[in-house]
Engineer: 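Supplied in structure tokens, the structure appears directly below.
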2 protein chains.
Amino acid sequence: MGQGQPAAAPEPKYWHLRTVLLRTIEAEFSTGQVIPNERELSARFGVARATLRQALDQLELEGRLVRRRGIGTLIAAPRVGIPVGSPVGGPAENGPGSAGGSTWRTVDCVSAPASAQLALALGIPAGETVHTVRRLRVVQGRTMAAESLHVPESAVPHLPAVPRVVGGTAEQDRAKSVLRQLERLGVDGESRSVELGVAEAEEAALLERPPGTPVLVVTIQYAVAGRLVALALSTYRADTCKLTFGEMGKVEVTPVQAGAIRTAS
Amino acid sequence: MGQGQPAAAPEPKYWHLRTVLLRTIEAEFSTGQVIPNERELSARFGVARATLRQALDQLELEGRLVRRRGIGTLIAAPRVGIPVGSPVGGPAENGPGSAGGSTWRTVDCVSAPASAQLALALGIPAGETVHTVRRLRVVQGRTMAAESLHVPESAVPHLPAVPRVVGGTAEQDRAKSVLRQLERLGVDGESRSVELGVAEAEEAALLERPPGTPVLVVTIQYAVAGRLVALALSTYRADTCKLTFGEMGKVEVTPVQAGAIRTAS
DNA sequence: TAGTGGTCTAGACCACTCT
DNA sequence: GAGTGGTCTAGACCACTAG
């Protein structure tokens, strides 16, 4: 009966909506402003609320929107460039154009036998004691990442053997000791990787986000003379972070707005 | 009337489901196997199909599952480690433990005036001609990334002035010329960044994925003597890629399974 | 043709924030 | 209490793949 065009893979409604919304918010809204609520938008576009939400989900994943329960949906600020650098413990590693005021805040410091997985990754016998420092990376007053730094006992033999410090300033001191010892080793190589993940319950809480929040999982292997001495597992908030791996001091030109260029083509 | 506990922020059903499913598939399934279909799973767990799908969405985002229309839901293979390295044009940049057989396949090569956004990012006057090479990164026979390499005309003045080559081997040659000229410049610095994004229509097609697919957007600024000479915008499939930024030749120990360690804690 | 995942709907209720 | 986003349901239909 004359089907007209060959279908041409009809674009899903939610995807079309996302595009329309993106154009709208770029043209008519600015950072921090709240857009109309979901029920109104879904009515305005003549779709079910679930469909509208699918479109908003996309834009949130792209870091263009932030949704706050009880408040509304806001235009997100551009992502913050965060250097993922060599210094193991250094508090501030500022690069021009990048985030200033980056600090680490220690959460935890425990020494415990390595799990099978962890031992494998560290290249040590299973069950060997590993010092684990958990800390948060705070940039411009906002918690951007949670990190677990694993250091096998054998790599930092000069650490005073404290049985089991937990809580208070004692734990903070313990964490500092581990970091200091690690720095003294003179790390001369590292291998970094980035992949997509989601924050689980505890991690999510540290990042002040709900479980399931997308994160960029950064794995850093620190080595001394070709021998692995530490493993850092960091999860960065994917909504607000742009990780930078600059060879500092060489180039550090204008921060590029990738989204704008990719879309503009 | 005695409310019992202080609520304790009840875990959403879909999140609990995700955890249960994750444990199940880790224990009882292996890479490539298909798990029961959505209708059966939703019945088995006593939830609506939409709720089950929310759980599967999470696991897919984590790279644990792959869903294929008309086929079923499969256990995904572990992510492939892909070096994001310095060589501008080099075909294979293999690191031990990382992906071998990495090649680039040229798609496009056009010379056109820079858009405002692109000019800004390249630090050139708007409207200056820019050579853009689009190519795909193929690893182990699978398309993993799409890249747009932008080189301002002024950076590679020795390029033969071809008016507008499109299609066929001529375009391929043109692309090679641009890459060769760029290599001859002797790039001595670069700045890289990674952030989360989604693939739009055309890009998604190149990556053989539906629109909205999560990608890792890699931005590389190439410099010669402190001057920006090229800008590469690459989008890597977030489901299958783990990007590695190793200082090659120093360490390259066992590839770490971040997920396993993060979950095992 | 049967079975799969993908999209969409209309409606309900909950958890949270602000006033 | 009013308004917001977050979760969940039950059902429908579509697009794709396979035998």
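Below, chain A is the first sequence line, B the second, and so on; all start at residue 1.
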Engineer: To the nearest 0.5 Å, what is the distance between CD (B:E40) and CD1 (B:I35)?
Structural biologist: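 If I round to the nearest 0.5 Å, the distance is 10.0 Å.
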
Engineer: B:T213 vs B:R237, test: side chain to side chain donor-acceptor pair (under 3.5 Å). Steps then yes/no.
Structural biologist: CA-CA 8 Å; B:T213 300; B:R237 287 179 53 159; over 6 Å; no

Engineer: Taking all non-hydrogen atoms of both residues, which atom of B:R79 and which atom of B:L61 are closest, and how far apart?
Structural biologist: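 Closest pair (atom of B:R79, atom of B:L61, distance): NH2-O, 3.3 Å.
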
Engineer: Can you tell me how far P of D:dC8 sits from CZ of B:R18, to the nearest Å?
Structural biologist: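 Result: 14 Å.
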
Engineer: Are B:S102 and B:R137 linked by a side-chain donor-acceptor pair shorter than 3.5 Å?
Structural biologist: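 Short answer, yes.
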
Engineer: Measuring from A:W104:CH2 to A:E147:CD, what's the distance to the nearest 0.5 Å?
Structural biologist: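 The CH2 atom of A:W104 sits 4.0 Å away from the CD atom of A:E147.
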
Engineer: Dot-bracket for DNA chain D, please, read 5' to 3', with Watson-Crick or G-U wobble pairs under 3.5 Å on both distances, ( ) within the strand, [ ] crossing, | other strand, . unpaired.
Structural biologist: ||||||||||||||||||.

Engineer: Can you tell me how far CG of A:L21 sits from CZ of A:F45, rounded to the nearest 0.5 angstrom?
Structural biologist: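 It is 5.0 Å, given to the nearest 0.5 Å.
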
Engineer: Rounded at 0.5 Å granularity, tell me how far CG in B:D239 sits from CZ in B:R64.
Structural biologist: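 Answer rounded to 0.5 Å: 14.0 Å.
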
Engineer: Distances under 3.5 Å only, N/O to N/O: pair up the protein atoms with those of nucleotides 3-7 of chain C.
Structural biologist:
residue, atom, partner, partner atom, Å
C:dG3, N2, B:G70, O, 3.3
C:dT4, OP1, B:N37, ND2, 2.7
C:dT4, OP2, B:N37, ND2, 3.2
C:dT4, O2, B:G70, N, 3.3
C:dG5, OP1, B:T73, N, 3.4
C:dG5, OP1, B:T73, OG1, 3.2
C:dG5, OP2, B:E38, N, 2.9
C:dG5, N7, B:R39, NH1, 3.0
C:dG5, O6, B:R39, NH2, 3.1
C:dG6, OP2, B:R53, NH1, 2.7
C:dG6, OP2, B:R53, NH2, 3.2
C:dG6, N7, B:R49, NH2, 2.8
C:dG6, O6, B:R49, NH1, 3.0
C:dT7, OP1, A:Y14, OH, 3.1

Engineer: Roughly how many Å is it from CZ in B:F45 to P in D:dC8, rounded to a whole number?
Structural biologist: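 Checked: the CZ to P distance equals 14 Å.
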
Engineer: So which of A:L149, A:L233, A:V110, A:V107 actually passes side-chain contact (heavy atoms from CB on, under 4.5 Å) with A:R134?
Structural biologist: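 For A:R134, the side-chain contact (heavy atoms from CB on, under 4.5 Å) test succeeds with only one of A:L149, A:L233, A:V110, A:V107, which is A:V107.
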
